[in-house]
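What follows is one structure encoded as structure tokens, with my remarks underneath.
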Amino acid sequence: MSQPQAYGLLGWPVSHSLSPAMHNAAFKALKLNCHYALLPVPPAEADHFLDTLDSRGLCGLNVTIPYKEKALGRVILDAESVYLKTVGAVNTLVKREHVWKGFNTDIPGFLMHLKEQFNPQHKKCAIIGAGGASRAVAYALAQAQAKELAIFDLDTAKADAIVAMLRQLFPAFAARRADAVADLDIRGKDLLVNATPVGMKAQDPLLVEPEWLNPWLFVYDLIYNPAETALLALARQRGCRCANGLGMLLYQGMLSFEIWTNKKAPKETMLQALEQAGEH
Ligand code: NAP
């Protein structure tokens, strides 16, 4: 058999990633001679790696922290993706007709999963955390015509930067930076998104007070390992509907797969692979 077409996940660190299991299962199910590998590249080597993509025999890439912004500078954007320059991140690269094209599948991936359970249109939303994933979530909520959005991050400059991004792309959208978690006014919100890594470790603190979680609040934690963070356990106890980030991971992966292969992604196969890989 000829050499498989090479795909991979560029990031640092990437050893914990479930993406190879998900994509290799999909390639196998569709009998495609393709392979997806981890591409751990330390920061000192990232520029060189991105400058020499052509010589590496790669057909497509996912990009994760800390390189989603850096990768943006190395790709051509389709006309309908020019807004990604303002969002500041691409997570999917594909080589088409000798040029590297960039996409962001985190944005539609989050929205597709959220909308299965909660429609953010005209809803009041809050996000804790203002890193790369938060930028995608904030864009997605504004695009879905949420009513308002408050964002808190310990690093106020990052939250301000998301508000500025939203003002530029959605001038009429009501977005503000909160000065503390308490200032998010979670009691008055319909949707709370955790976009921090707080909750990945058992000893992590809870960032919210139990009495802030009303039963009509939908709580979305971007974390998928553990499957139920302390925040989600509390939300469940308080009668809230909630979701972890496994569905976002699945949908962003399906959309990347479809960009690379032009074929419909095998959803059940990919979900099963994620669930199995997550157990190990
Ligand atoms: P990131 O760029 O490191 O952003 C996390 C942000 O949260 C940082 O700005 C961080 O501030 C802030 N933060 C940390 N502790 C905080 C606290 N106690 N209060 C307020 N803000 C706090 O990471 P990311 O890529 O955005 O990822 C965030 C989480 O989402 C991770 O758990 C990641 O695994 C998950 N994620 C899931 C998916 C999915 O498909 N489900 C996709 C992407 C990311 P400092 O930098 O000052 O610490």
Side-chain angles (χ1 to χ4, degrees), residues 9-19 21-23 43 62-72 87-92 104-114 116-117 126-140 150-163 165 177-184 186 192-209 212 219-232 242-257 270-271 273-275 277-278:
L9 174 64
L10 168 66
W12 184 263
V14 288
S15 56
H16 61 282
S17 172
L18 305 181
S19 290
M22 168 169 64
H23 285 295
N62 278 140
V63 183
T64 188
I65 39 173
Y67 304 133
K68 289 184 185 182
E69 192 171 358
K70 209 183 256 302
L72 182 65
V87 174
V90 288
N91 76 326
T92 303
N104 187 315
T105 66
D106 285 333
I107 295 169
F110 168 74
L111 216 45
M112 283 164 77
H113 185 226
L114 178 69
E116 284 181 349
Q117 301 158 84
I127 309 178
I128 311 179
S134 176
R135 289 183 81 84
V137 168
Y139 179 92
I151 307 167
F152 170 68
D153 194 293
L154 293 171
D155 184 339
T156 53
K158 283 194 199 168
D160 281 339
I162 295 188
V163 171
M165 179 263 285
R177 187 243 298 163
D179 293 325
V181 183
D183 181 38
L184 286 170
I186 292 169
L192 171 66
V193 179
N194 176 37
T196 76
V198 180
M200 293 178 82
K201 299 192 199 106
Q203 68 272 24
D204 280 347
L206 256 176
L207 299 180
V208 301
E209 299 296 334
W212 295 346
V219 180
Y220 194 109
D221 200 326
L222 293 192
I223 295 171
Y224 46 83
N225 189 10
E228 186 173 78
T229 58
L231 172 64
L232 291 185
C242 41
N244 70 23
L246 195 74
M248 174 178 174
L249 183 69
L250 170 68
Y251 282 121
Q252 65 76 33
M254 287 171 61
L255 293 166
S256 295
F257 183 91
M270 294 172 85
L271 177 59
L274 279 179
E275 286 171 347

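We count ligands from 1, going down the list as the structure has it; atoms in each ligand are counted the same way.
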Under 3.5 Å: N or O atoms of ligand 1 paired with protein N or O:
residue, atom, partner, partner atom, Å
ligand 1, 2 (O), Gly132, N, 3.2
ligand 1, 9 (O), Asp153, OD2, 2.7
ligand 1, 9 (O), Lys158, NZ, 2.9
ligand 1, 11 (O), Asp153, OD1, 3.2
ligand 1, 26 (O), Gly132, N, 3.2
ligand 1, 26 (O), Ala133, N, 2.8
ligand 1, 40 (O), Leu249, N, 3.3
ligand 1, 41 (N), Leu222, O, 3.0
ligand 1, 41 (N), Gly245, O, 2.9
ligand 1, 46 (O), Lys158, NZ, 2.8

Could you pull out the closest heavy-atom pair between Met22 and Leu250, with the gap in Å?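 So the minimum-distance heavy-atom pair works out to SD-CA, 4.1 Å.
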Q) Side chains of Asp106 and Asn91: do they bring a donor and an acceptor to under 3.5 Å? A) yes
Quiz prompt | Neighbour count above 12 (heavy atom, 6.0 Å) for Glu69 CD | solution = no
Notebook entry, point to check: side chain to side chain contact (heavy atoms under 4.5 Å, CB included) with Asp160: which residues, sequence neighbours excluded?
Noted result: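 Checked Asp160 against side chain to side chain contact (heavy atoms under 4.5 Å, CB included); matches are Arg177.
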Exercise for review: Mind checking the CG-OG1 spacing from Leu222 to Thr229? Nearest 0.5 Å is all I need.
Suggested key: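 Answer for the CG-OG1 pair, Leu222 versus Thr229, is 10.5 Å.
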- Ring centres of Tyr251 and Phe110 under 6.0 Å apart?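 Ring centres of Phe110 and Tyr251 not closer than 6.0 Å.
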